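For reference, the structure is listed below as structure tokens.
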Amino acid sequence: MVKAVVGANWGDEGKGKITDMLAEKADIIVRFQGGANAGHTIINDYGKFALHTLPSGVFYDHTTSVIGNGVALDIPVLIGEIQSIVDRDVPMPKIKVSNRAQMVMSYHKLFDQYEEERLGKKSFGSTKSGIAPFYSDKYAKIGFQVSELFDEDLLKEKVVRVAEQKNVLLEHLYHKPLINPDELFEELMGYKKMIEPYVCDVSLFLHEALKEGKEILLEGQLGTLKDPDHGIYPMVTSSSTLAAYGAIGAGIPPYEIKKVVTVCKAYSSAVGAGAFVSEIFGEEADELRRRGGDGGEFGATTGRPRRMGWFDVVASKYGCRMQGTTDVAFTVLDVLGYLEEIPVCVAYDIDGEITTEFPPTYLLEKAKPVIEKLPGWKCDIRGIKKYEDLPENCRKYIEFVEEKIGYPITLVSNGPGRDDIIYR
Ligand code: GDP
């Protein structure tokens, strides 16, 4: 059985925590898209970890962690991450990396940085992990697939071709140092050495696992609104963030994905540029940011302060719909315990028209939030294990959201730890 854990919003919904928790009953956890540009924060018996590339199931002895073909594989980051968890007494995880995954090269990160510099004020707020240049190259068919490391003759020819193409831009657009093909080849050979022990025909491995009835979790990065097709283009990421893409990015049949657990945050936060209708500012935002997540809403990769906002029904309903949600995990609800009243964005006003359907970007830019206020519960709900034990106003908030988005909230997360969870 395959279950996907994906985000309904702009990312940072707490997918890492939900994956880590669900991984207890899983055999294999697969990353199927994205790269080292976002982080998952996980708190468990070993401590607090920010993972960028490893799936959030690496902390269990019984699981295998898989990097699927859809991932932007940053080999030095992956190796560093494995070392960093082993250094903190986590048992050496079982890791498999798809031979069809492509590699983030050092020049992808440089291009990312150069392009952001060139765009100046119009930049995307990229984390400069090389993700956009990486996926551009993959689809332009000038990327490097892990399998290519094993044919050195072909690779020697290819580095010349790639360097030639890149150097035109480096010289004439960015005015930066050029790529030397020999050095590029050496970089690739370095990666080969590091990754060789983990390389695997992942889709075949998963095919066999499915035949044996194994439980597989697909772990998504970011959320619906960052999807390149269905998100707030162009302020999106460069790989699909949807559960459907899990089939491609892992190499399994689409009909094997039986459950889609969409993680949806009890308020909104976003990093990077782009329309954000329910955004709040000033002291109101600072307070939510300070209290949010676990120790504040700051990017797990960059440390950047996240943009904050109230829960957005329109974006979340759409976010859940595009994921094909079977279950909603409603997270960080405990954070809202300080509020007398909780504002919720229930609709958008676009040039005087009220809508609850998420529009394309040019209309989104014009949308004003229609706010409804719900009474707060004014207490700490961490530690509560049963739904009935939640304060009445808290249950009302959950049920209000559930009704508005139209998908069942079956998990409520009331703290960052593995056990801070209420099943409904
Ligand atoms: P991801 O990328 O979706 O995995 O999300 P992140 O890990 O970047 O951000 C979620 C943040 O919220 C992390 O700091 C988590 O430890 C924290 N977190 C997750 N669930 C909860 C929750 O229910 N309550 C609180 N207070 N923090 C949570």
Side-chain angles (χ1 to χ4, degrees), residues 4-23 29 31-44 46-59 127 129 217-226 237 241 243 261-272 287-308 311 316 319 323 328-339 379-385 390 394 397-398 401 409 411-423:
V5 181
V6 287
N9 310 120
W10 297 264
D12 306 317
E13 298 94 347
K15 296 175 295 294
K17 176 224 156 122
I18 299 295
T19 306
D20 174 60
M21 190 198 99
L22 295 176
I29 297 95
R31 281 280 314 265
F32 62 91
Q33 46 88 222
N37 52 331
H40 299 290
T41 314
I42 296 148
I43 299 166
N44 56 31
Y46 295 105
K48 181 171 175 173
F49 298 85
L51 299 181
H52 306 285
T53 284
L54 284 171
S56 301
V58 289
F59 299 99
T127 61
S129 318
L217 275 186
L218 302 175
E219 179 182 21
Q221 184 210 35
L222 296 169
T224 303
L225 306 170
K226 293 282 187 182
T237 193
T241 56
V261 180
T262 303
V263 185
C264 190
K265 204 160 163 160
Y267 53 89
S268 301
S269 72
V271 284
E287 172 141 47
L288 184 56
R289 185 178 303 111
R290 225 177 13 250
R291 293 172 176 272
D294 176 58
E297 291 281 359
F298 300 91
T301 302
T302 56
R304 291 189 291 190
R306 290 177 181 151
R307 297 164 67 194
M308 307 303 298
F311 186 80
S316 302
Q323 293 291 6
V328 175
F330 198 50
T331 56
V332 293
L333 187 61
D334 51 302
V335 165
L336 300 180
Y338 73 99
L339 290 159
C379 67
D380 187 2
I381 58 163
R382 281 203 198 179
I384 293 176
K385 299 280 172 214
L390 287 170
C394 182
Y397 184 75
I398 297 167
V401 165
I409 296 175
L411 296 165
V412 175
S413 175
N414 59 339
R418 229 178 226 179
D419 303 323
D420 298 323
I421 197 81
I422 297 168
Y423 294 89

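For clarity, every value in this text was computed on a predicted model and none was experimentally measured. Numbers for residues simply follow the sequence, beginning at 1. Atoms within each ligand, like the ligands themselves, are counted from 1 in listed order.
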Heavy atom of G415, distance to ligand 1 below 4.0 Å: yes
Separation of E297 CD from D12 CG (nearest 0.5 Å): 7.0 Å
Contact with ligand 1 for M21, non-hydrogen, under 4.0 angstrom: no
Per-atom contacts of ligand 1 with V335, taking only distances under 4.0 Å to non-hydrogen atoms: 26 (N)
Test of proximity, G293 against ligand 1: N or O pairs below 3.5 Å: yes
Rounded distance [0.5 Å steps], CZ in F330 versus OH in Y397: 5.0 Å
Salt bridge (charged side-chain N to carboxylate O under 4.0 Å, His left out) against E13, all qualifying residues, sequence neighbours excluded: K15
Close-contact set for ligand 1 against R382 heavy atoms, below 4.0 Å: 26 (N)
Nearest neighbour of atom 19 (C) of ligand 1 from the list G337, G417, G14, S56, on a heavy-atom basis: G14
Enumerated ligand 1 atoms positioned under 4.0 Å from heavy atoms of S413: 20 (N), 21 (C), 22 (C), 23 (O)
Non-hydrogen atom of D420 closer than 4.0 Å to ligand 1: no
Short side-chain donor-acceptor distance under 3.5 Å, T224 and Q323: yes
Under-4.0 Å heavy-atom contact with ligand 1, by part of D334 that carries it: side chain
N or O pair under 3.5 Å between K17 and ligand 1: no
Donor + acceptor pair across side chains of S413, K17 (<3.5 Å): yes
Close-contact set for ligand 1 against R306 heavy atoms, below 4.0 Å: 8 (O), 9 (O)
Polar proximity ligand 1 side, G16 side, N/O cut 3.5 Å exclusive: yes
